[in-house]
Structures are given as structure tokens and as C-alpha cells.
Amino acid sequence: MGKRVVSEYIARVEGQGRLEVEIENDRLKDLRLQIFEPPRFFEAFLVGRKYWEVHEIAARICGICPVAHVITALRAVEKALKIHVSEDTILWRKVLADSAIVQSHALHVYLLAAPDFLGYHSALEMADKFKNEVVRGLRMKRVANTITKWVGGRVIHPMAAVVGGFTRPPDLREKKRILDMLKNAEKDAVATIEMVASFEYPDFEVDYEFVAIRNKDSYAINRGRIVSNKGLNIEEDEYRKFIGERQVPYSSTKHSYVKGRGPFMVGPLARFNLNFDRLKGEARDKAEEIGFKPIVRNPFKSTIARSIEMYHLILEMEELIERGGEDVKVGKVRGGRGEGTAVTEAPRGLLYHAYTLGKFGEVVKADIVPPTAHNYFRIEEDLRKQVSEIIDEEEEEIKRRCEMLVRAYDPCISCSAHFLEITLRRR
Amino acid sequence: MDKPKIGVFKFTGCAGCQMAIIHLEERLLDIFGGVEIRYFKMATSRNPGGPYDISLIEGSVSTPKEIKEIKEIRKNSRYLVALGTCAVYGGVQAMRNPFKEIDVEKKVYEKPEYIMSLESKGIDEYVDVDGYIYGCPINVEEAVFLIKSLLLGFQPYYPEYSVCVECKMKGNECLLLKRGEKCIGPITRGGCDAICTTNKFPCQGCRGPLYGTNIDGLFQKLSKMGIDREEVINIMRKYVNEVYLRGEVAR
């Protein structure tokens, strides 16, 4: 019996992708996650641009996580030019990154993922019955965005962070108001954890290689060693020695893998599992209270990891903002030859930028790997396993579960795709 | 009266301009409460489709598939609005336009034969456009104003002056004259509330050129500061390369 099921485009993900599943005689025959987001060729047109505008252009890779691209590009360029930045610059960049992650997570938890668990098409439709929840999500987003704007000048493509420091420090007269807002947001963060803990998650586990950055004194976001639960422990400069990339014929995104092993997972669940001991005490306690402890191997539960991270990052921002000063002035900066690599944690996971600069500080070579590219191979393997496990289910259920699984990774497909269309063929 | 039907579409871009709409936060519920969302992939999985009273297009057209899609949306829309610099001019990815396609693809992908893309263009290269919202990213207040105007049947009014006017009204110190920075605010379309220069970052021209400004005067001023013409043109081309490639502004 031949059967063919085509679903409409999956919504509530950022990117154009298409999933094709072929089932023959109750066995999975073929599965392809095709990303057909039109490629934009950043690595090509960055060539020839000047060192001072690299981060500004790189921000445009993604309208959801521009902050991560800005900070990563700045660090890579600063390394290439051997520029050292002040303690305050490092601190405010951390606040900037933290606020952007909270914003992105609030968006994902409330607007993209929650409708799956509560049985709606969108948060807007949810708003009738779950008004408090939706408003809470939007409020958390607003608090986070207020901070991004305060430090970075704008939420989307912030311009105040530049090579060597900031164009100006944040207006410290606002400190108290911002701290009060964060204090209030703690309650929302706890309520979020309780809400997502009450959702029902599909039974599904994978023995992942989790990859994230880690450092001694804090939950690593902007800098750290690259580590995994399967023995990876390297400097960011060694990234290319250990992480490979290959093109797949049906997609504009490449497959990443740990050399000699295979696919890996990056993102909130990887960070949570590898850096649980670096979370703020209150966030760690809350995680334990709801029975959420490493190692969590269920990708659907990334949503819980996001909510724990939001609580942690809100607490961390309070502490950082409390001691942040105004010493962010850019010193003498001159363009010249050099090479620099930086790896950070974007909301969706490991982000890699590397640049080679020429005589005048112009880009000679650019190499960028966003988190969704890191996860892409892994998502495909997960889908294979998931489909095999529920192969007897109705087409609709298989489709729903696959969509949910893709969404659990919160793919940011402008960093690679825009809608996800699923085709399921059963023979 | 039926609620006006709105579609939000993404083409080649970063999703930042539709994020600007989502970032309206609590206001989002008010504004979207007054309209019927017929298509907004990023926000909802219920997308019944056209016809639309207003279609907001984010991103540039850069593949044969997108040419077909934009024409289809045009047919189904009463008003078609280009939302942001990608949709208006082609965006930063238009920097690649003068390169040979295959060279660009080789730089990023080892096997470019699998990838198919065209030059990155603004949507009015292929269809008629009723409204333009400039900026990378947009100033979302301009988008809200445009939607309200179209719905109420008013011709929306957008000031025709350069970034300098708003920058001066803010009382900012001039980055070009006082600090010697490469600011092209004098020749760039205003309406952004001078957000970059107010944050002490020189204007990079993301909203495109304002016609009739004294470009030669800017070249002369910058050249006295030791910044050559080629470098200034490179800045001008960053967001709106097509405009310069078409020779609409003095090279």
C-alpha cells in the first residue's frame, strides 16, 4: 500500500526547512531535513570589509540573536588585532549577552513552544484562556529587551558595542530602575519554571554528546573552554582541529560533527548538563526541587533547561549590574594583519567566528558556524530515532511529534531556514 | 466591519524586522487584537492565507522560488509593504551582487552546484509596492503608523529629511564635524530618530540615500579628514549596494 502525506509548513520556528519522511513496510526508509533558506553568503561578502564593521555586518546574520553574533565577532577581531578590553567592557558584554538569551528564551518558551503543550496554534490564540501566562512571557521579554537596549543601544542589531569597548557606557542613573525590574522578574522566572515543569513531555531519550563552553568561575556564555560529556576539552582556537563540517546535497546548511565521532547537541540542555554546578544557587535549588538534574537526555525538556537558565541569568544580571562601572572607553585601535577565533554561547548554543585580517585590517577570510548548523546533523539523527520508535502511529501523530522535536531545538534557521514543510510518505 | 486581514512574510533576511513587530510586547496583543492575522509563520501555526488587506514583506528576493512567491502575494494583497532595508533595497546580502554568483557560492560551500541563488534585490524589482519602511532594522513605530494609516485610508506622511535633522533635534554632538568620524548621516534618509548617532555610533546609511543632498560636500569634508572617496563609497554600499550599482547616486 502506498501512502503519501504532505503537511503544511510547520510554523513557530525561525527558518525555511522541509522534512521528508518515507516509510516502507513499516520501516523508516529515508529521512531528510532539508534546509532551503536562501543562502546569504556572509562569509563571502565580509571579505574586503574593515575590522571595525565586521561585528556590525555579522549582527545581520540573525535578527533574533544579533547580540551573540556581535559579541563573538568583536572578540574574534579583537584577538586578531591583539586588543585588550577593560573589565567593565567584559562585564557589560556579559550583561548584554545574558539579556539577549533571556529575551530569546522567553520568546521560545511562551510564543513558540507553549502552544504545543497547551494545544494552540499561537500565543495570540492562547491569550484568551491563558492571558496571565502570555502577558508574563511578554513582560519577561520586555524586561530583557529593556536591558539589551540600555546597554547596547537597540534590541535588534545593537550598535553601542564596538571593537575595543563601547561607544558609551550605559546610563548608570537608570541602574536602580533596572535592578527593580529584574527583582520583579525573578518571580516571573520562578513561575515560568513551575509552568514548564507541569507540561507533559514525550518519552524519548538519546545518549548525546553535549557540547558547550565552560569556565572556572561562572556559567560560561561569552568565553570558556569547549567541553563535552564524551571527553572533548579544548581551547577555542583548536575548534577547527576537532569539529568538522560537510555539505549535504539537499540543504543550504552544512552538517557539523566531532571528528572521529559524530553529531552533537549544543544549546540550553547541553549547557545545563555540563555546567549545572556553575548555576546560581537559587536556580540550581529550583531545578532540583522540580526533579530536573543532569544528565537530562530528553531533547523535549530543553524547554525546562531554558526556564532554569532564565532564572539564573536574571540573578546573574542583578549581580553584574550592581557592580558595573563606566570604564568602557575605546583605546587606540589600529587595523593590521592577524587571525582570531572566538567561541561563545548564543541562546541556541555554541557559536563560532574566525577571521583572518590583512594589512589594513580588512577581512581576508571569514569562517562562521551558528548553533543551528552545529545541531542540524543531530536533529536529523533524532528525527530518525523518533520516527522509528513511533512508526506504528498515525501519520498525523508522527508529523506532530517531528514538528515538536524540531521546535524543541528552537532552530534559528536565518542563521540557516524559514519554514519547515513536512512530507511523509508511507508505502 | 470585518477585521482587516494581515499577512507577514519573510524572504531572504535575518527575521529582525518581524522580530521588531514581535518586540512590541504587550502592545502586540492590542494591535493584533484589532486585525486578523492570515499569515505569520513565525508567530502561529494557523495560516489560512489570502486575500490580504495588508501584506508586510521582510527580506530581499534572491531565488527563483522567491520571485514566484512575491508575485503570488502581490496578486492576493490590497496593499503590499516592503518592511526594512532588505525588502526595499536588497540589504547587506546585496554586497555580493557584483561578484560572480559561482565565486560567492564557492567561498561558502564546497559544492556550489547544489545551491541556487540570484542577486539579492528589493521586492519592487519584481512587483509594485505600495509602501516602504526603511531601516536595518526598521523603526517599528513607522510600521505601526503605516498600518494605521492604510487602515484608516490616510496617505501616511514620512518626512523627507536627512538623519542630521533628527540628530540635531536631539542635541547630539556632531560625530562628523566634532569627532571626525565616518558618519554619512547628512546624505541618509531620516526617520530612525537618529538612534545610532544618539548612541555615538556614526550613521552607516542603513535607510538608504536621501535624494538631493550634497554628496560632493560630504566627500570633500571626509577627504580633508584623510578618508578617501573609495572608503566612503564602501560605507554607502554596505546596506544599499543596488542603489549604487544602478548609478542612481554619484559614484
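Sequence lines set the chain letters: A, B, ... in the order given, protein chains first and strands last, and positions in each chain run from 1.
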How are the rings of Phe9(B) and Tyr52(B) set to each other: parallel, tilted or perpendicular (split at 30° and 60°)?
-> perpendicular
What orientation do Tyr355(A) and His353(A) show, parallel under 30°, tilted 30 to 60°, or perpendicular over 60°?
-> perpendicular
Under 4.5 Å from a heavy atom of chain A, the part of Cys17(B) involved = neither
Side chain, backbone, both or neither: which part of Leu24(B) has a non-hydrogen atom closer than 4.5 Å to chain A?
-> neither
Options [options], ranked by heavy-atom pairs under 4.5 Å with chain B, top entry:
options	answer
Glu53(A), Arg168(A), Arg49(A)	Arg49(A)
Asp367(A), Leu124(A), Val135(A), Asn145(A)	Asn145(A)
Leu138(A), Leu107(A), Val162(A), Val155(A)	Leu138(A)
Glu125(A), Lys365(A), Arg139(A)	Glu125(A)

Do you know which of Gln204(B), His23(B), Gln93(B) has the most heavy-atom pairs with chain A at a distance under 4.5 angstrom?
-> His23(B)
Select one option (side chain, backbone, both, neither) describing which atoms of Leu46(A) are under 4.5 Å from chain B's heavy atoms.
-> neither
Checking heavy atoms, do the side chain of Ile57(A), its backbone, both or neither come under 4.5 Å from chain B?
-> side chain
Give a yes or no on whether the backbone of Asn199(B) and the side-chain of Thr167(A) come within a donor-acceptor separation of less than 3.5 Å.
-> yes
Give a yes or no answer on whether the side chain of Arg348(A) reaches the backbone of Asp410(A) with a donor-acceptor pair at less than 3.5 Å.
-> yes
Does the pair Leu176(B) and Leu218(B) meet the rule for a side-chain contact (heavy atoms from CB on, under 4.5 Å), with working shown?
-> CA-CA 10 Å; Leu176(B) 174 70; Leu218(B) 182 68; 3.8 Å; yes
Ionic contact status for Glu66(B) with Lys71(B), cut-off 4.0 Å = no
Does the cation-pi check pass for Arg96(B) over Phe41(A), that is, NZ or CZ under 6.0 Å from the six-membered ring centre and within 45° of its axis?
-> no
